[in-house]
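A, B, ... follow the sequence lines: proteins, then strands. Residue 1 opens every chain.
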2 protein chains.
Amino acid sequence: MDRPDVGSSDAERQRFAAVGRALADPKRLCVLETLAAGERSVSELSREVGCHVPNMSQHLSVLRSAGLVAARRDGNTVFYRLADQRVLEAYRLIQTLAR
Amino acid sequence: MDRPDVGSSDAERQRFAAVGRALADPKRLCVLETLAAGERSVSELSREVGCHVPNMSQHLSVLRSAGLVAARRDGNTVFYRLADQRVLEAYRLIQTLAR
DNA sequence: CAACTACTTGCGCGTTTGCGCAAGTAGTGA
DNA sequence: TCACTACTTGCGCAAACGCGCAAGTAGTTG
């Protein structure tokens, strides 16, 4: 049977945990759900998620440094998108685990 | 194309975030890796992960209330195991996202 | 340049988290 | 019942987190 490796070093586990932390907040999960439909600006995201722009910027910074989202600047607005489709796969798996 | 549902209510997202939080600590990830090889007692886990028994008990409590691990008592020792194989799948996905 | 929009960053504060330690509970065996 | 092992729980503290708010940066427009 397939038995993909799961063991890791302390340093690696630290980075995996950073991904976990990024997934540990409802608003950030809401951001991922929104980005599943396509890229959004910071102000659009803050409106759809329901928080102030600086707060959204902080959440996006957490998601970005965990490598879950990527940013693109166009003029003076910044668009965020999912960094990888596997982000959604991971989130869906977590959803089934929690249900 | 397949477009599995990703949208959730606030209450649901709260529980998904609890799973995220459970995955947000290196020691807890280490526990999952250890349990991938089979069930372990609390003292075995604390030895392999490298922390004190009460601390391990607290981590296990977080994992258990997130539904990621399950417990079984035999005599006066408690054995923990992964609640579901999909826990490993989710962890592996997170590993690939972080690498 | 000034003024405006869009976003990011720094700061302070209340809450949560991870930890060690001490005390409590549960089960075994003499 | 008493002692022992195995685990859980409560408490206090330092560190990290989420948040609002004010200030700063970046880019556009006149």
Side-chain angles (χ1 to χ4, degrees), chain A residues 10-11 13-35 38-81 83, chain B residues 10-11 13-35 38-81 83:
Chain A
D10 278 16
R13 248 178 255 119
Q14 195 68 46
R15 291 185 304 119
F16 303 157
V19 176
R21 263 189 285 112
L23 298 171
D25 183 274
K27 286 185 184 167
R28 287 195 289 266
L29 297 181
C30 191
V31 167
L32 297 183
E33 292 178 18
T34 305
L35 294 183
E39 66 175 14
R40 294 281 189 282
S41 71
V42 177
S43 30
E44 283 172 337
L45 285 170
S46 68
R47 211 175 313 117
E48 299 192 46
V49 170
C51 67
H52 297 162
V53 171
N55 187 13
M56 176 53 63
S57 191
Q58 290 168 144
H59 281 303
L60 288 169
S61 154
V62 172
L63 288 169
R64 190 153 39 82
S65 55
L68 302 190
V69 304
R72 167 181 80 84
R73 167 156 237 147
D74 180 33
N76 53 8
T77 116
V78 177
F79 291 95
Y80 281 82
R81 62 180 183 281
Chain B
D10 279 15
R13 248 178 254 119
Q14 195 67 47
R15 291 186 301 121
F16 304 156
V19 175
R21 264 188 284 113
L23 298 171
D25 183 275
K27 287 186 183 165
R28 287 195 289 267
L29 296 182
C30 191
V31 167
L32 296 183
E33 291 178 18
T34 305
L35 293 183
E39 66 175 13
R40 294 281 189 283
S41 71
V42 177
S43 29
E44 284 172 335
L45 285 170
S46 68
R47 211 175 313 118
E48 301 192 45
V49 171
C51 68
H52 297 161
V53 170
N55 186 11
M56 176 53 63
S57 191
Q58 290 169 146
H59 281 303
L60 288 169
S61 154
V62 173
L63 288 169
R64 190 153 39 81
S65 56
L68 303 189
V69 304
R72 167 182 79 83
R73 167 156 237 147
D74 179 32
N76 53 8
T77 114
V78 178
F79 290 96
Y80 281 82
R81 64 180 181 282

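- Here the side chain of A:R28 pairs a donor or acceptor atom with the backbone of A:R21 at under 3.5 angstrom.
- Residue contacts shown for B:Y80 are limited to sugar-phosphate atoms, with no base heavy atom under 4.0 Å away.
- Here the C1' atom of nucleotide D:dA6 and the CZ atom of B:R40 are 17 Å apart, to the nearest Å.
- Rounded to whole angstrom, the span from the CG atom of B:D25 across to the P atom of D:dC17 amounts to 11 Å.
- Among the heavy atoms of the strands lying under 4.0 Å from A:S41 are primed sugar atoms or P, OP1, OP2 only; no base atom is included.
- Checking D:dT8, D:dC19, C:dC19 against every side-chain atom of B:V42, the shortest atom distance belongs to D:dT8.
- The side chain of B:R73 approaches C:dG27 more closely than any other nucleotide in the set C:dA22, D:dG20, C:dG27.
- The residue A:T77 sits close only to the backbone: its heavy atoms come under 4.0 Å of sugar-phosphate atoms, none of a base.
- Distances from the side chain of B:K27 to the nucleotides C:dT17, C:dA22, C:dC19 place C:dC19 closest.
- The phosphate of D:dA16 (OP1 or OP2) has no side-chain N or O of A:R21 nearer than 4.0 angstrom.
- Spacing between atom CG of B:L29 and atom P of C:dG18 amounts to 11 Å, rounded to whole angstrom units.
- No hydrogens or angles were tested; on distance alone, a donor-acceptor pair under 3.5 Å links the side chain of A:N76 to the base of C:dT5.
- Across D:dC19, C:dA22, C:dG20, the shortest atom-to-atom separation from the side chain of A:N55 is found for D:dC19.
- Taking every side-chain heavy atom of A:S57 into account, C:dT9 is the closest of C:dT9, D:dC11, D:dT8.
- Atom CD in A:Q58 sits about 9 Å away from atom C1' in C:dT8, given to the nearest Å.
- Nucleic acid contact for B:V53: base, since at least one base atom lies under 4.0 Å from a heavy atom of the residue.
- A residue-by-residue look at A:V62 and B:L60 shows that B:L60 has its nearest nucleotide of DNA chain D further toward the 5' end.
- B:S57 contributes no side-chain N or O that, together with a main-chain N or O of B:V53, makes up a donor-acceptor pair within less than 3.5 Å.
- Backbone-only engagement by B:S43 is indicated by non-hydrogen atom pairs under 4.0 Å involving sugar-phosphate atoms exclusively.
- As rounded to whole Å, 16 Å separates atom C1' of D:dA6 from atom NE2 of B:H52.
- Residue pairs satisfying the side chain to side chain donor-acceptor pair (under 3.5 Å) criterion with at least one member in residues 45-54 of chain A, sequence neighbours excluded, are listed as follows: A:R40-A:E48.
- Atom CD in A:E44 sits about 14 Å away from atom C1' in C:dT5, given to the nearest Å.
- Nucleotide C:dT5 holds its C1' atom 14 Å from the CG atom of A:D74, rounded to whole Å.
- A donor-acceptor pair is defined here as one N or O able to donate and one able to accept, closer than 3.5 Å; such a pair exists between the side chain of A:S65 and the backbone of A:S61.
- Checked options B:H59, B:E33, B:M56; the residue passing with B:V49 is B:M56 (criterion: side-chain contact (heavy atoms from CB on, under 4.5 Å)).
- Separating the CZ atom of B:R72 from the P atom of D:dA6 is a distance of 15 Å, rounded to the nearest angstrom.
- Distance check: B:L35 CG to B:Y80 OH gives 10.5 Å after rounding to the nearest 0.5 Å.
- Between A:H59 and D:dC19, a side-chain N or O to OP1/OP2 separation shorter than 4.0 Å is present.
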